[in-house]
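Reading through the structure tokens given below for one structure.
Given the structure is predicted, the values throughout are model-derived calculations rather than measurements. We number each residue from 1, following the sequence as shown.
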Amino acid sequence: MRFELFIAARYLRAKRRQAVVGVITAISVAGVAVGVASLIIALAITNGMRHDLQDRLLSSTAHVELMRVQDDGIRNWRELTARLARLPHVTAASPGLYEPVLISRGARSGGALIKGIIPSQELTVSDLVKPTLGSAAPLDPDPADNRQTALTSNGQTVPAANGAVPPILIGYDLADTLDAKVGSTVMVISPQGELTPYGLVPKYQRFQVAGIFHSGFYQYDNGYAFIRLADAQRLFGEPDIISVISFKVDDLYHADRIGKEIEQAAGPGFLTTNWMEQNREIFRALALEQVVTFIVIGLIVCVAALNILIALTMMVMEKTRDIAVLMSFGVRPEQIRRIFLFQGLLISVVGTILGLILGYVVAWAGHHYRFIQLDAQVYSLDYLPFAPRWLDGVIVAAVSLGVSLLATLYPSSSAAKVLPAEALRYE
């Protein structure tokens, strides 16, 4: 073992004439450990929030969406969808028809964005049509289309001869608002009404809840519903058109570039949007939160470094005679300086290792057991996610050791300036 490191370790283990020095040293180790653990946990939470939100968004929405600039609908959607699905980097495509509606059940009601879909294709771009209760099978198109209902000019619904009610999938929170269960009947009211001698009459249609999905993302669980594409076209009085084609791509982080290629292949009059554009504010806020969290909680490490400075300064005062004896035996001032540098480094290393262990254990437990529940209406998540990264541990350890090393510069320099004759004059 190096001479300076050996002396530094002996000084840390030795019994103190002044108990306060030992107490401050222990507080310094604990402070570094708490600061490092806090940083690891905080960064794991911000990473978890970002990853969880991203995963939920990407599983609930398409990577790229194509629509008309004039919002006049896509008419040749079958041929266009099939052609664009063969483009490079496109892994799946699904047509859809979006419209805002009011869904009611008795005295309860809630607004929702309803989407007409073809389930077999929608499943390739979104997991929302995989209900946790019920089944999405009833939404499969009826080849004969004789079970669909028709709208009369006065807004009333007339079922087919067999009296079937078309199916609908709704979100968990919307179902809770409506007090609806699988098998319940709800009324969907479209603002796309018809002009009659009595004024504008809204169109409405009864649907039977076939399934309830629960993504854990409040925006979707409370504001989305799915019906068959043919039912949506009939409800909104649209001919055989759609409003959007949704795509999954093979490279999430180049969705903007792939979207431009899709837009060019679709021809003039089309535009695309992607998941990064739609959620840019959320991820910018999370990135800023991560930086602010690192700075604020990093102050704990700075406070611990001040404790190291105080502990080493008092240790230099306590060991002045020992320093003088060592220098009288030929130990050079730079070796004395390194002894106290190693002391501060040992305190920091022990505290950092303890903090890393504590931080990663707490982060693992939080990720595994999900013991911190959240209000999904406020945070869009129903639990606090943890996602610890080894890179965060490396950065935090480097910052902790660097700050602690800076705190040792003054006391180690003071120790190197001790004059042996002056220190031993009254001994």
Requested in this report: Using a strict cut-off of less than 4.0 Å between a Lys/Arg side-chain nitrogen and an Asp/Glu carboxylate oxygen, indicate whether Asp240 and Arg78 qualify as a salt bridge.
Outcome: yes
Query raised in the report: Can Gln290 and Asn47 be counted as having a side-chain donor-acceptor contact under 3.5 angstrom?
Result: yes
Query - Whether Arg108 side chain and Ser104 backbone form a donor-acceptor pair below 3.5 Å - result: no
Query raised in the report: Does the side chain of Ile40 reach to within under 4.5 Å of the side chain of Ser38, using non-hydrogen atoms?
Result: no
Report summary line: Shortest non-hydrogen pair, Leu66 vs Ile74, comes out as O-CD1, 4.0 Å
Report summary line: Closest non-hydrogen atoms of Leu139 and Ile168, given as atom of the first, atom of the second and distance, are CD1-N, 4.3 Å
**Report entry** Flag if over 12 foreign heavy atoms under 6.0 Å of NE2, His89
**Finding:** yes
Report task. Measure up the Trp364 and His368 rings against each other and bin them: parallel (under 30°), tilted (30 to 60°), perpendicular (over 60°). Result -> parallel
Report task. Dump the intermediate steps for ring pair (Phe, Tyr, Trp, His ring centres under 6.0 Å) on Phe213 and Phe226, then the final yes or no. Result -> CA-CA 10 Å; Phe213 60 86; Phe226 297 93; 5.8 Å; yes
Report task. State which residues pass side chain to side chain contact (heavy atoms under 4.5 Å, CB included) with Ser412; sequence neighbours excluded, sorted by chain then number. Result -> Arg337, Phe340, Leu341
Query raised in the report: Are Glu122 and Lys115 ion-paired here, with the side-chain N under 4.0 Å from a carboxylate O?
Result: yes
Report summary line: Checking Val349, Val301, Leu406 against Leu401 for side-chain contact (heavy atoms from CB on, under 4.5 Å), the one that qualifies is Val349
Report summary line: Correct closest heavy-atom pair for Thr81 and Ala93 would be CG2-CB, 4.0 Å
Query raised in the report: Would you find a donor on one side and an acceptor on the other, under 3.5 Å apart, between the side chain of Tyr204 and the backbone of Leu235?
Result: no
Query raised in the report: Are more than 12 heavy atoms from other residues, nucleotides or ligands located less than 6.0 Å from atom CG of Asn76?
Result: yes
Query raised in the report: Hey, what do you get for CD1 (Ile308) to SG (Cys302), rounding to the nearest 0.5 Å?
Result: 11.0 Å
**Report entry** Pair Ser404, Ser348: side-chain N/O donor-acceptor within cut-off below 3.5 Å
**Finding:** yes
Query raised in the report: Run the side chain to side chain contact (heavy atoms under 4.5 Å, CB included) check on Ile262 and Val64 step by step: do they pass?
Result: CA-CA 9 Å; Ile262 294 174; Val64 178; 4.1 Å; yes
Query raised in the report: With no hydrogens and no angle check, is any side-chain donor or acceptor of Arg68 less than 3.5 Å from a backbone partner on Ser243?
Result: no
Report task. Would you please test Glu79 and Arg83 for salt bridge (charged side-chain N to carboxylate O under 4.0 Å, His left out) and show each step? Result -> CA-CA 6 Å; Glu79 181 273 332; Arg83 178 166 59 85; 3.3 Å; yes
Query raised in the report: Is there a side chain to side chain contact (heavy atoms under 4.5 Å, CB included) between Thr185 and Phe207 once you walk through the steps?
Result: CA-CA 6 Å; Thr185 300; Phe207 287 83; over 6 Å; no
Query raised in the report: Do the side-chain N and O atoms of Thr91 and Asp250 include a donor-acceptor pair separated by under 3.5 angstrom?
Result: no
Query - Thr46 (side chain) donor-acceptor with Leu43 (main chain) under 3.5 angstrom - result: yes
Query - Distance (rounded to the nearest 0.5 Å) between Met276 CE and Gln278 CD - result: 10.5 Å
Query raised in the report: Do you see a donor-acceptor pair shorter than 3.5 Å between the side chains of Glu289 and Thr293?
Result: no
**Report entry** Heavy-atom pair of closest approach, residues Ile170 and Ala225
**Finding:** CG2-CB, 4.1 Å
Query raised in the report: Tell me, do Trp77 and Leu97 make a side-chain contact under 4.5 Å, heavy atoms counted?
Result: no
**Report entry** Side-chain donor/acceptor of Asp221 to backbone N/O of Gly171, under 3.5 Å
**Finding:** no
Requested in this report: Identify whether the distance between the nearest side-chain nitrogen and carboxylate oxygen of Lys130 and Asp127 falls below 4.0 Å.
Outcome: yes
Query raised in the report: What are the two closest non-hydrogen atoms of Gly73 and Ile241, and how far apart are they?
Result: CA-CD1, 4.2 Å
Query raised in the report: Taking the six-membered ring for Trp, are Tyr172 and His214 ring centroids under 6.0 Å apart?
Result: yes
Query - Backbone N/O of Leu252 and side chain of Trp275: donor-acceptor pair under 3.5 Å - result: yes
Query raised in the report: Is the CZ atom of Arg389 crowded by more than 12 outside heavy atoms at less than 6.0 Å?
Result: yes
Query raised in the report: Quick one: does Val101's side chain get under 4.5 Å of Ile103's, heavy atoms only?
Result: yes
Query raised in the report: Can you tell me if His63 uses its side chain to pair, donor with acceptor, with the backbone of Ala255 under 3.5 Å?
Result: no
Query raised in the report: Under the 3.5 angstrom rule, does the side chain of Ser28 hit a backbone N or O of Asn307 as a donor-acceptor pair?
Result: yes
Report task. Evaluate the side chain to side chain contact (heavy atoms under 4.5 Å, CB included) criterion for residues Lys248 and Val90: first the C-alpha distance (whole Å), next the side-chain angles of each, then the deciding distance (0.1 Å), finally the verdict. Result -> CA-CA 6 Å; Lys248 284 285 186 182; Val90 174; over 6 Å; no
Query raised in the report: Can you tell me if Thr272 and Glu263 form a side-chain donor-acceptor pair at under 3.5 Å?
Result: yes
Report summary line: dist Leu345:CG -> Gln343:CD (nearest 0.5 Å) comes out at 11.0 Å
Query - Pair Ser400, Thr352: side-chain N/O donor-acceptor within cut-off below 3.5 Å - result: yes
Query raised in the report: How long is the gap from CD1 on Ile347 to OG1 on Thr408, to the nearest 0.5 Å?
Result: 9.5 Å
Query - Arg257/Glu261 salt bridge by N-O under 4.0 Å criterion - result: yes
Query raised in the report: Looking only at side chains, do Tyr220 and Asp173 share a donor and an acceptor under 3.5 Å apart?
Result: no
Query raised in the report: Which distance, rounded to the nearest 0.5 Å, do you find between the OG of Ser246 and the CD of Gln121?
Result: 10.5 Å
Query raised in the report: Looking only at heavy atoms, which two atoms of Ala136 and Pro131 are closest? And how far apart?
Result: N-CG, 3.8 Å
Report task. Please step through side chain to side chain contact (heavy atoms under 4.5 Å, CB included) for the pair Asp176 and Leu174, ending with a clear verdict. Result -> CA-CA 5 Å; Asp176 184 63; Leu174 180 59; over 6 Å; no
Query raised in the report: Atom CZ of Arg370 and atom NE2 of His367: how far apart are they, to the nearest 0.5 Å?
Result: 7.0 Å
